[in-house]
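Source: prediction; values computed, not measured.
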Amino acid sequence: MATTDAEVERVRALVATVPAGRVVTYGDIAAAAGLSTPRTVGWIMRTDSADLPWHRVIGAGGKPAAHLADRQLRLLAAEGVPIHDGRVDLRAARFPLP
């Protein structure tokens, strides 16, 4: 099933609410947006997130995508997100979505 414009806008709006120093997972966004899979969020983030705080969206295990890891971890660390051994401390930094 194709992703609708409304779904894309819901994901974008949710990502925009994540404040500096906090993170959410792809699954958090999917659940809050009513999507069936976090993969849809990943697709949206890959194709339509240049103007969003994309670096605040990470995998469920706290690890960034391998191809973005250095840049993403550097941006998160600059915001004060706790990082240990290349993983974000989700207990400390996870932002609760509505």
Which heavy atom of [X] sits nearest to which heavy atom of [Y], and what is that distance?
X: Ala16; Y: Leu52; result: CB-CD2, 4.1 Å
X: Glu7; Y: Thr4; result: OE1-N, 2.9 Å
X: Trp54; Y: Arg71; result: CZ2-CZ, 3.8 Å
X: Met45; Y: Val15; result: SD-CG2, 3.8 Å
X: Val81; Y: Arg22; result: CG2-N, 4.1 Å
X: Leu90; Y: Gly62; result: CD1-N, 3.9 Å

Find out if a path of hydrophobic residues (ILVMFWY) with successive side-chain heavy-atom gaps under 4.5 Å connects Ile58 to Leu75.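 Different hydrophobic clusters.
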Please answer: with hydrophobic residues joined when any side-chain heavy atoms are less than 4.5 Å apart, are Leu68 and Tyr26 in the same cluster?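 Yes, one cluster joins them.
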For Gln72 and Pro64, indicate whether the former's side chain and the latter's backbone hold a donor-acceptor pair under 3.5 Å.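 It does not hold such a pair.
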Would you call Arg12 and Asp51 a salt bridge, using N to O less than 4.0 angstrom?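 Yes.
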Looking at side-chain heavy atoms only, is the closest gap between Val23 and Val57 below 4.5 Å?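 Counting from C-beta outward, Val23 and Val57 never come under 4.5 Å.
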Side chains of Leu76 and Ile83, heavy atoms from C-beta outward: is any pair under 4.5 Å?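 Leu76 reaches Ile83 side chain to side chain.
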[X] side, atom [atom1]; [Y] side, atom [atom2] - distance, nearest 0.5 Å:
X: Leu14; Y: Glu9; atom1: CG; atom2: CD; result: 11.0 Å
X: Lys63; Y: Arg87; atom1: NZ; atom2: CZ; result: 5.0 Å
X: Asp48; Y: Asp5; atom1: CG; atom2: CG; result: 9.5 Å

Taking atom CG of Asp89 as the centre, does the number of heavy atoms from other residues, nucleotides or ligands within less than 6.0 Å exceed 12?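 Enclosed.
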Pair Leu97-Val24, side chain to side chain contact (heavy atoms under 4.5 Å, CB included): steps then yes or no: CA-CA 8 Å; Leu97 291 170; Val24 293; 4.0 Å; yes
Less than 3.5 Å apart, which donor and acceptor atoms pair up between the side chains of residues 29-42 and the rest of the protein, not counting sequence neighbours?
| unit_1 | atom_1 | unit_2 | atom_2 | d |
| --- | --- | --- | --- | --- |
| Thr37 | OG1 | Arg39 | N | 3.2 |

For side chain to side chain contact (heavy atoms under 4.5 Å, CB included), just list the numbers for Phe95 and Arg56, CA-CA rounded to whole Å, side-chain angles, deciding distance to a tenth of an Å, and then say yes or no. CA-CA 10 Å; Phe95 180 70; Arg56 297 179 189 149; over 6 Å; no
